[in-house]
Structures are given as structure tokens and as C-alpha cells.
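Worksheet for the structure shown next.
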Amino acid sequence: MKRTTYAASAAIALAIAAEVSAATVIRGPYLQTPTPSSMIVRWRTDRATSSRVAIGPAPGSLATTFDDAAAVTDHVVPVSGLTPDTQYYYAVGSVLGAFVGDDADHYFRSAPTPGTVKPIRLWTIGDAGFPGANLDAVRDAFKAYNGGSSAVDLFLLLGDNAYGSNLLANDANYQTAVFAEHAEMLRTTPVYSTFGNHERFVAQDLTQTGDYFAMFSFPTAGEAGGVPSGTESYYSFDYANVHFVVLDSEDYATSAAAAAPMLTWLEADLATTSADWVIAIWHRPPYSRGLLHNSDTELNEVNMRQNVLPVLEGFGVDVVLSGHSHSYERSYLIDGHYGLASTFTDAYKKDLGDGDPAGDGAYRKAELGPLPHAGAVYAVNGSGSEFRPATLDHPAHRVGLLEVGSMVIDVTGRTLTARFLSGAGGIDDQFQIVKGTTCAPAPATGCNTAVRGKLTIRENPDPARNKWGWKWKGGTVDPADVGDPTGETDVAVCVYDAAGTLVGGDVLHGAEEWKPINKGFEYRDKTVARHGFQKIKIRTGTPSLGALVQAKAKGTGVGTPTLPATLPITAQLVNLDTGKCWSSAFTSAKVNRADRVTAVIP
């Protein structure tokens, strides 16, 4: 056995102390490329040292280490063997000792397994490269909105992330505008970025060289999900039930030929995803009327719109985030417009409304998952550190705001909610997309009732012969509460028993199936494509004027209700945009068998 003398031990201790005390962390730590089993931890020291990341379940219990013996100032350490969706505490340092961490402020969470449905929050800012009061206000407003914490699931940078007085997105300006400004967030929240034109001044996207590419570690081999891109200029990743594609609107957008490698990869990537949501990110917006940046006249914006949007929309993209224009602009739910602003008409709007759940209602898509040409919302989120006065009048946009701010995106199951949060802390715009047309988990409350009602459900060994019907009569149906299903009003007709949904679902607005009738609206569909509905009739007025709600459905779309039903049974029509509803509650049934239910009020 080798014996260490006291003098030797003292020398080792002095060497450790010398390395640890001599080195100072001057950037980070910051987190990159989260996967269910790994995380990249990066930091910078003022002198070259070896690298170590220690992790564990709690401060003071960091028993697992990852080392790199090479002496460097920019440290890049992959941490592996993680459990999905698990929080770890960490410290960074050299193989001889820790520099920072091992406390309550240094932690990260591994990514959920792709496809996992759980609430996630994203914070995204664009053109946030001017340090000072505006950038501080945007950062602090988000922290206050987020309950006093900077930690979220992902931090997304939309390009032109650093300027400085020389307007270069170089290493020194990044140090001030990104790594120092957002140090608290970066040590707990993985960051992704897209390449902007100011990054292009000091880096080359075609060769992945220069300051920008030296500072970040993005997935190129599909290690975070998606198809390998082979480049950090464009790439994809999965997080929970969201698939992200990060594209390059600089050298890869100068022409169709230049875009070809990226488009080939993009088609392959999107063809493989079945994620509930698809979000795309790049710097130059396809629709904008910002000062100095007009999507009709700037070649890269024109090319992104003409070459990239058809691919994205053909594979069901939901939201596109860009910056570049120093303003906030947000589109309707749109699809299929690839020309100049002068050619945009209402025909390209999948929904004429504002998408605001507190306004005229959320945007809705019939299926959970990628649905080609179902519409996307395009957001220009480029006022992270300043705004430039402009006439924000692009016809594709529903909202234009001249104020500094950021965007917060919450994804919860089949609902995505995006909010523009001003530097003053106000929510000055929001939109919501709801996917899938299943009934709510439980009946709505506070509904209008009627003195008469009838419900029949028949289940047949041949599912094509299943049918059900409901009639509500003897109550009041206010036209203002009904809205206009031929316009923007989405409704649901659902039947529940004590165990949950029996039959029914959402029926989205549209003039194709919905038609106005005398004092109301009627839905007819001979194909019974939506939950088997062949007819829904809503007649407004009072009981004496024949107010009525009626629904009929048949065929395989009805599904296989679990019969006999468990009383009580509730049948409802719900205006999904306002929550107004009409309901029949059946506390008893004339017939309640395994193949049939008949219930009547009174």
C-alpha cells in the first residue's frame, strides 16, 4: 500500500487550493440540449482549468461527477445517465474542486420523455441585444409574472441577441446582453437560439464558425429528438409533447437553391413527428411591416415565406416565432398565403377572430397532433430591448404593438396559450389554440335549463347502426349567448353520465356545414364525420316562441358508449367561446339497458 506523507498531503492540498482559488467563473453556468437522459453544462473561467460537473438529488449530496482533464477556459461537459423529468442539483469546477454551485440556486431538470403530456412553460425574447432599462424591465416583468422565479422549462432566443455600441452580436456583447443579463435564468433553464443577421456579422452559418457557434451547443445528430440536421444553423428537438424546429433565415434563405438543404431536412424531420404541437423558430419574419423591415421587400423574408411556409403548413405547424422587426405583431390563424401583403385576403384566415379566450374565443383545430393546413399563428416578437415606431398594418396580422416585451407560452395538454408580456408587466395580447374535439371531462355548470327534454341512445352490434338524439325545449335561448356558428362560434354537444362522457364532441364553426335558419342555426353533415353528428339545431327565443336545442347522431363516429348508463345523465350544448350552455339533467330513465337508454323530462 502506498503511504502518503504529511508533507505530500499538504502539497496536494496546496495545489488544489491554488487551482480553485486562482480560477473564477466569469460566464455561466448555462444549460444546453436537454434530453431525457442528458444535459450539456457550459461555463467560462478566467484561466484554463480542467472541468468537472457534480450532480445529485440535493445540495450537499452531489456524488456523481463528470470530468474532462483538458485545461480550457470554455468548459463544455455532457452530463449523462439521467432519469427523465427529474430535478438535479449541480456544481461546476475543476477535477480538483468546485468553483460554484452545490446550493439551492444551481439545478436543472432533465427533459420529459418525448410525447409526455405535462404542463410546460417557455419564455421567448427577440432582438433583446441592447442592455439597459428596457431589457431589465422585460426580464423583471417576466420574473414577476412567473411567481418571482426565473426558472421555466425552456428559454428561446429569436436572434440578434446582442448588439452593443458596434451592433455586433459578438462574444463580448453576448457576455453583457445575454450571459450577465440572464444569469439567474440560464443556470436553471436550458437555452436554445436561432441565428440572426447581427450574429451573421461575426459568424458564418454555412460553415458554423465564429462567435455564435463557439458559445452554444445545439443538437445536430437528433440527440434531442427529430431527424439529424448535421448543422447547428438549423436543427430540431422534442420537449414533452412539443416538437420544435429551429431554422436559418440568413444564408440559407437567400434563394430557393440556397434553402434546398434545409428544406430537404425539414420535410424529412416533420414527416417523422407525431407530437401534439409543432413550433417553428427563425429570425426574419414572413409577415411584417416593422420599421426598416418589410416582409414584402426584404429578400430573405420573401424567400422564407415562399419556400419554407408551404412545407411547414403542409405538415401542420401551429406557431411560428420570429424577431427582426423591433415591434410585436401577431397574425390571425392563417394558412396558404405566400405572396405580397397586397394579395392577402380573409380567404387565408382559418378563423376571423382574435383567438383570445377572453375575447371572441380560442382558435381551434379538430385533431390533436399535426394536421396539415389547419392554420398557424405567426408572431413577430422583436421588441425585447427596444421598439421602433412604425405603422404595423400588415393584413395578416390581428395585433400590432409598439412597446418592449416578451412572449410567454404555456402548453397544457391540448391547449397552447401565448401571452405578450410588456415591460410594464401587462398582458397586452394573448391567443390560445385548442386541439381535438373531445368533450370536456365534466359537464359545464350554470347552464340554461328547460322544462322538457328527451334523450335516446341506441348501441347496436353493428357500430354503423349506433345512434343517439337529444331534444331540449321549454327554455330560453338568447341569440347573444348562442353567437354565430357560421362565423366564429365553436360549440360542443355532449352527453355525460356519472362516470363521464357517453357520446358527443366539439363541432367547429364554419359556413360549410352550419347554415342560418329562421331564428337560429342548423348544422347538417351527410358524411356524419364529426362524432356522428348528422344534425344540430339551435332555435333562439323564449319558450312561447319555440326556443329549441336538438341534436341527432348516428354511425361509427358515435363511438361505443358504456351502457347501461350510471344516473344522473346530463346532455348539454356549450358555446366554447363564452361558456354559455343549455342543459338537460335526467335523474331517471324509462329504459336503461346495455343496448339502449331512454330518458324524458318531465
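Index from 1, following the sequence.
Within the 4.5 Å cutoff, the side chain of T570 has no heavy atoms near those of the D497 side chain. The shortest distance between side-chain heavy atoms of D525 and Q534 does not fall below 4.5 Å. At a threshold of 4.5 Å between non-hydrogen side-chain atoms, the residues K473 and I601 do not count as touching. Taking the side chain as every heavy atom from C-beta outward, D153 and Y239 approach each other to under 4.5 Å. Within the 4.5 Å cutoff, the side chain of V79 has heavy atoms near those of the I55 side chain. The side-chain heavy atoms of I457 and L502, taken from C-beta on, include a pair separated by under 4.5 Å. Within the 4.5 Å cutoff, the side chain of S331 has no heavy atoms near those of the V399 side chain.
A distance-only check finds no donor-acceptor pair linking the side chain of T412 to the backbone of P119 [under 3.5 Å]. Formation of a donor-acceptor pair under 3.5 Å by the Y332 side chain with backbone atoms of P395 is not found in this model. Under a 3.5 Å cut-off, the side chain of D490 and the backbone N or O of V507 do not form any donor-acceptor pair. Between the S406 side chain and the V138 main chain, no donor and acceptor come within less than 3.5 Å of each other. A donor-acceptor distance shorter than 3.5 angstrom exists from the side chain of Y496 to the backbone of A440, with no hydrogens or angles considered. The backbone N or O of G323 sits nowhere less than 3.5 Å from a side-chain atom of N381 that would complete a donor-acceptor pair. D351 places no side-chain N or O within 3.5 Å of a backbone atom of Y363 that could act as its donor or acceptor partner. Judged purely by atom type and a 3.5 angstrom limit, Q550 has no side-chain atom pairing as donor or acceptor with the backbone of I538. When atom types are taken as modelled, the side chain of W472 and the backbone of S583 share a donor-acceptor pair closer than 3.5 angstrom.
A side-chain hydrogen bond (donor to acceptor under 3.5 Å, both in side chains) with T437 holds for exactly one of H531, R364, R530; it is H531.
Within 6.0 Å of the NZ atom in K590, the count of heavy atoms belonging to other residues, nucleotides or ligands does not exceed 12. The environment of NZ in K535 is crowded: more than 12 heavy-atom neighbours from other residues, nucleotides or ligands sit within 6.0 Å.
The ring-ring contact (aromatic ring centres under 6.0 Å, His included) test applied to Y90 returns H106, F108, not counting sequence neighbours. In this structure K552 satisfies the salt bridge (charged side-chain N to carboxylate O under 4.0 Å, His left out) test with no other residue, sequence neighbours excluded. Contacts of R452 classified as salt bridge (charged side-chain N to carboxylate O under 4.0 Å, His left out), with partners at least two apart in sequence or in another chain: none.
The pair K349-D335 does not count as a salt bridge, with every side-chain nitrogen at least 4.0 angstrom from each carboxylate oxygen. Of the charged side-chain nitrogens involved, at least one lies within less than 4.0 Å of a carboxylate oxygen, so that D85 and R109 count as a salt-bridged pair. Under the 4.0 Å criterion applied to side-chain N and carboxylate O atoms, E367 and K365 are not assigned as salt-bridge partners. Note on E522 versus R539: no salt bridge recorded, every NZ/NE/NH1/NH2 to OD/OE distance being 4.0 Å or above.
Ring-plane geometry between Y287 and Y378 is classed as perpendicular, the angle between the planes exceeding 60 degrees on a 0 to 90 degree scale with a lower cut at 30.
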>> Walk me through whether N448 and T476 qualify under side-chain contact (heavy atoms from CB on, under 4.5 Å).
In response: CA-CA 7 Å; N448 294 281; T476 298; 5.6 Å; no

> Where do K143 and E184 land on the salt bridge (charged side-chain N to carboxylate O under 4.0 Å, His left out) test, with the steps shown first?
Replying inline: CA-CA 10 Å; K143 183 177 179 180; E184 182 179 345; 3.1 Å; yes

> Given V320 and V377, is the side-chain contact (heavy atoms from CB on, under 4.5 Å) satisfied, shown in steps?
Replying inline: CA-CA 6 Å; V320 173; V377 175; over 6 Å; no

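Taking the ring centre of W277 as origin, the terminal cationic atom of K435 falls inside the region bounded by 6.0 Å and 45° from the ring axis.
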Only distances under 3.5 Å count here; give the side-chain donor-acceptor pairs of residues 187-194 to other protein atoms, sequence neighbours excluded, each with its distance to 0.1 Å.
residue: R187; atom: NE; partner: D105; partner atom: O; Å: 3.2
residue: T188; atom: OG1; partner: M185; partner atom: O; Å: 3.3
residue: T189; atom: OG1; partner: V152; partner atom: N; Å: 3.1
residue: T189; atom: OG1; partner: V152; partner atom: O; Å: 3.2
residue: S193; atom: OG; partner: N161; partner atom: ND2; Å: 3.0
residue: S193; atom: OG; partner: Y212; partner atom: OH; Å: 3.3
residue: T194; atom: OG1; partner: L247; partner atom: O; Å: 2.8

Donor-acceptor contacts, no H, no angles, side chain residues 269-276, under 3.5 Å, sequence neighbours left out:
residue: D269; atom: OD1; partner: V227; partner atom: N; Å: 2.9
residue: D269; atom: OD1; partner: S236; partner atom: OG; Å: 2.7
residue: D269; atom: OD2; partner: H243; partner atom: NE2; Å: 2.6
residue: T272; atom: OG1; partner: D269; partner atom: O; Å: 2.8
residue: T273; atom: OG1; partner: A275; partner atom: N; Å: 3.2
residue: D276; atom: OD2; partner: N241; partner atom: ND2; Å: 3.1

Donor-acceptor list for residues 419-432 side chains, cut-off 3.5 Å, not counting sequence neighbours:
residue: R419; atom: NE; partner: Q430; partner atom: OE1; Å: 3.4
residue: R419; atom: NH1; partner: Y145; partner atom: OH; Å: 3.4
residue: R419; atom: NH1; partner: D410; partner atom: OD2; Å: 3.1
residue: S422; atom: OG; partner: A424; partner atom: N; Å: 3.2
residue: S422; atom: OG; partner: G425; partner atom: N; Å: 3.3
residue: S422; atom: OG; partner: G426; partner atom: N; Å: 3.1
residue: D429; atom: OD1; partner: R330; partner atom: NH2; Å: 3.0
residue: D429; atom: OD2; partner: Y328; partner atom: OH; Å: 2.6
residue: D429; atom: OD2; partner: R330; partner atom: NE; Å: 3.1
residue: Q430; atom: NE2; partner: D356; partner atom: OD1; Å: 3.1
residue: Q432; atom: NE2; partner: T417; partner atom: OG1; Å: 2.8

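Ring-centre distance between F521 and W514: not below the 6.0 Å cut-off. The distance between the ring centers of W123 and H182 falls below 6.0 angstrom.
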